[in-house]
Amino acid sequence: MPARIALVPDAHGRGGRLHRLTEQGEPVGAPLRTAELAATVAELEAAEHPRWVWAAAESGYAPLLPALPRRLGRCHDLRLVEALLLAHEGRWGAPRSLGAAVARLRGLPVPADLPEAGPSEVQDTLFAPDRLQLPPGIDPLTAVLEVHADQQRRLRAIEGDEARSRFRLLVAAESAGALAAAEMAEDGLPWRTELHDRLLTELLGPRPHIPGTQPARLAELSVRLQQALGGKPFNPDSHTQVLRAFAEQGVRLTSTRVWELREVDHPAAELMIRYKELSRIHAAHGWAWQDAWVRGGRFRPEYVVGGVVSGRWASRGGGALQIPRILRRAVVADPGWRLVVADAAQLEPRVLAALSGDTALARTAAGGDLYQALAATAFQGDRDKAKLGLLGAMYGQTSGDIATLLATLRQRYPTAMGYVEAAARTGEEGGIVTSRLGRPCPPPSDAWLDQADSAAEPGGEGGEQGGRSTRARGRFTRNFVIQASAADWALALLAALRRRLAELQGPGGRPHLVFFQHDEVVVHSPAAMAEQVAATVTAAAEEASRLVFGASPVQFPMSTAVVECYADAK
DNA sequence: AAGTAACGCGCC
DNA sequence: AAAGGGCGCGTTACTT
């Protein structure tokens, strides 16, 4: 039975073409044409459970979703895999569209990737540019077959059995992420506009009738600020004007950051902090945001799989990954439904323990609260110190009182600390580090070189340890191995979870993922199934740990809550 | 008028 | 002496 099916939607209408493939990418039989692509795909999914091969989920999957009775199980997303392979091959600048990939294969001029679509373009699929970027005269299905076969060849050519099988796992997990991202964009996060409204009104005053006007509470704070700073009018949103206003009262600030304002002994400082808090909510997540991003009781952000070099996701529009905690009050399950909110407890230090094979740290990571356990063994029970020290080790921080904490960690956990320090050295020397599954970091870039120029050691002490930019890259690679391996794990979790959720079906409906944020998932579930979903999340986390880290003794516990309102989780 | 830099804050 | 990883996004200030 053929393992894969390539799929290409028609440029117009609901039809498309398909072609069965072997695992290696050789076409089997003749191509199929259908006038109802979604229906045909659904039939083939039920009968053959293939791995679907498409140019990109945006064009190959998202348009089918509304008409598909069930979600698809597996895919190979050519654009995401192309990006992974190009990075693996060290070709960082190269475009990754289907058209670019096929042009490279045929020795044609390689088209640049299109800039990412804005929200207006997303709505307007009819006139959306053809994002496949195919060179003229090349049939899209032919291109899919050629590029897929080439990618399978490149995957087979990866040196080392272990490295190759890990990278294949990465390819599968990244592709599963494409499925999950498209599905979450389709389903949306339950969002109660009336609760959001009420919250905004409590904080800011009623919604201004005239758009662009300041809400009452902000206007009032502006006035009080002005009075507290000598009465001269100034714009509290302008850094320069704020600095000047404070300076005229004899308060010299180097910035308008909140932490700096907190240390200022002047009545205006507190007002300024409050103003910044509220104006941020108004500007970033106020009524304008709601109008733009919430429709039909759902917040529908657009996720960008692999949008961060570490493999973390990014989002486009709506700031999906930066929703302030206070706004979680507006995220409420539908009647008769629950939100199962689960996050991996202290994911990154556990990843460090598993990555480095530090058995002492792994033992510490066996129980519930890793920082507490670490504090008990190494920091006389001081949890804050333990946390600060470990985070410092993972981020490359060396300031303040961190040094003694780091020394303690180095002594207790030489293997783990040696691992991050080796990664930092590799980075400082200009080398490449990779995640557990083989996602590589970018090479030293102009950004780091520029930083070297602009920061050219004004102290003049000369760099026996190298310059600021060298150390910055060391911090980057030090953190990369952990952040990117945590992203590997999170992708594996997501893949395992969506597969397991697809097997659950209750009378009230089917539980589905509605949110994913680095180390946290939210599942919208019929109330009667919520506990089962919680157990499924735990099982998925165990599967992810086994897949990514093999037989490591490190545990990756999920802290899970079943709630109606997102704000009530933890 | 439109694009870019800098700032500063939200999330992990 | 100081030295903290990754993003998105909205604002002002400045450049072209």
- prompt: Is the number of heavy atoms from other residues, nucleotides or ligands under 6.0 Å of A:R198 CZ greater than 12?
  reply: no
Whole-Å distance, A:R244 CZ to B:dC7 P, equals 17 Å
Here the distance between atom C1' of C:dG6 and atom CG of A:L391, to the nearest Å, is 14 Å
If only side-chain N and O atoms of A:R475 are considered, is one of them under 4.0 Å from the OP1 or OP2 phosphate oxygen of C:dG4? no
Side-chain N or O of A:S238 closer than 4.0 Å to phosphate OP1/OP2 of C:dA13: yes
A:L405 atom CG is separated from C:dG4 atom C1', nearest whole Å, by 14 Å
Can you tell me if NZ on A:K276 sees more than 12 non-hydrogen neighbours from other groups inside 6.0 Å? yes
| said: Heavy atoms only, 4.0 Å cut-off, all strands: where does A:G307 land among base, sugar-phosphate and nothing? | reply: nothing
Distances for protein N/O vs nucleotides 9-12 of chain B N/O pairs under 3.5 angstrom?
residue: B:dC9; atom: OP1; partner: A:V258; partner atom: N; Å: 2.6
residue: B:dC9; atom: O2; partner: A:R280; partner atom: NH1; Å: 3.2
residue: B:dC9; atom: O2; partner: A:R280; partner atom: NH2; Å: 3.3
residue: B:dG10; atom: O4'; partner: A:R280; partner atom: NE; Å: 3.0
residue: B:dG10; atom: O4'; partner: A:R280; partner atom: NH2; Å: 3.3
residue: B:dC11; atom: OP1; partner: A:R325; partner atom: N; Å: 3.0
residue: B:dC12; atom: OP1; partner: A:R325; partner atom: NH1; Å: 3.2
residue: B:dC12; atom: OP1; partner: A:R328; partner atom: NH2; Å: 3.2
residue: B:dC12; atom: OP2; partner: A:R325; partner atom: NH1; Å: 3.3
residue: B:dC12; atom: O3'; partner: A:D519; partner atom: OD1; Å: 2.6
residue: B:dC12; atom: O3'; partner: A:D519; partner atom: OD2; Å: 2.9
residue: B:dC12; atom: O2; partner: A:R312; partner atom: NH1; Å: 2.8
residue: B:dC12; atom: O2; partner: A:R312; partner atom: NH2; Å: 3.0

Of the candidates B:dG8, C:dG4, C:dG5, the side chain of A:S255 sits closest to B:dG8
Taking C:dG5, C:dG10, C:dT12 as options, the one with an atom nearest any side-chain atom of A:A283 is C:dG10
A:R473 CZ to C:dG6 P, in whole Å, measures 11 Å
Taken to the nearest whole Å, CD/A:Q241 to P/C:dT11 is 15 Å
Whole-Å distance, A:L388 CG to C:dG5 P, equals 15 Å
Step through the shown structure and confirm whether more than 12 heavy atoms of other residues, nucleotides or ligands are within 6.0 Å of CD on A:E270.
no
Think A:R383 forms a cation-pi with A:Y371, using NZ or CZ under 6.0 Å from the six-ring centre and within 45 degrees of its axis? no
Q. Phosphate oxygens OP1/OP2 of C:dA13: is one of them under 4.0 Å from a side-chain N or O of A:T240?
A. yes
Heavy-atom nearest nucleotide on DNA chain C taken for A:S310 and for A:G319; more 5' hit belongs to A:S310
Exercise for review: Determine the contact category for A:D343: base if any of its heavy atoms lies under 4.0 Å from a base atom, sugar-phosphate if only primed atoms, P, OP1 or OP2 are that close, otherwise nothing.
Suggested key: nothing
NE2 (A:H518) and CZ (A:R312) are apart, to the nearest 0.5 Å, by 4.5 Å
Taking it one step at a time, do A:R471 and A:E428 satisfy salt bridge (Lys or Arg N to Asp or Glu O under 4.0 Å)?
CA-CA 6 Å; A:R471 291 194 299 274; A:E428 288 176 359; over 6 Å; no
Checking A:R329, A:H285, A:R192 against A:L199 for side-chain contact (heavy atoms from CB on, under 4.5 Å), the one that qualifies is A:R329
Legend entry - A:E520 side chain near A:V341 side chain, heavy-atom distance below 4.5 Å: yes
Checking A:T364, A:T408, A:D358 against A:Y413 for side-chain hydrogen bond (donor to acceptor under 3.5 Å, both in side chains), the one that qualifies is A:T364
From CZ of A:F480 across to P of C:dG6 the rounded distance in Å is 11 Å
Within residues 265-274 of chain A, the residues having a heavy atom closer than 4.0 Å to DNA chain B are none
Original post:
For atom P, what is the distance between B:dC7 and C:dG4, given to the nearest Å?
Top reply: 15 Å
CZ (A:F515) and CD1 (A:I323) are apart, to the nearest 0.5 Å, by 4.0 Å
Separation of B:dG8 atom C1' from A:H239 atom NE2, nearest Å, is 5 Å
### Message
Using OP1 and OP2 only, check whether a side-chain N or O of A:N479 sits under 4.0 Å from C:dG4.
### Response
no
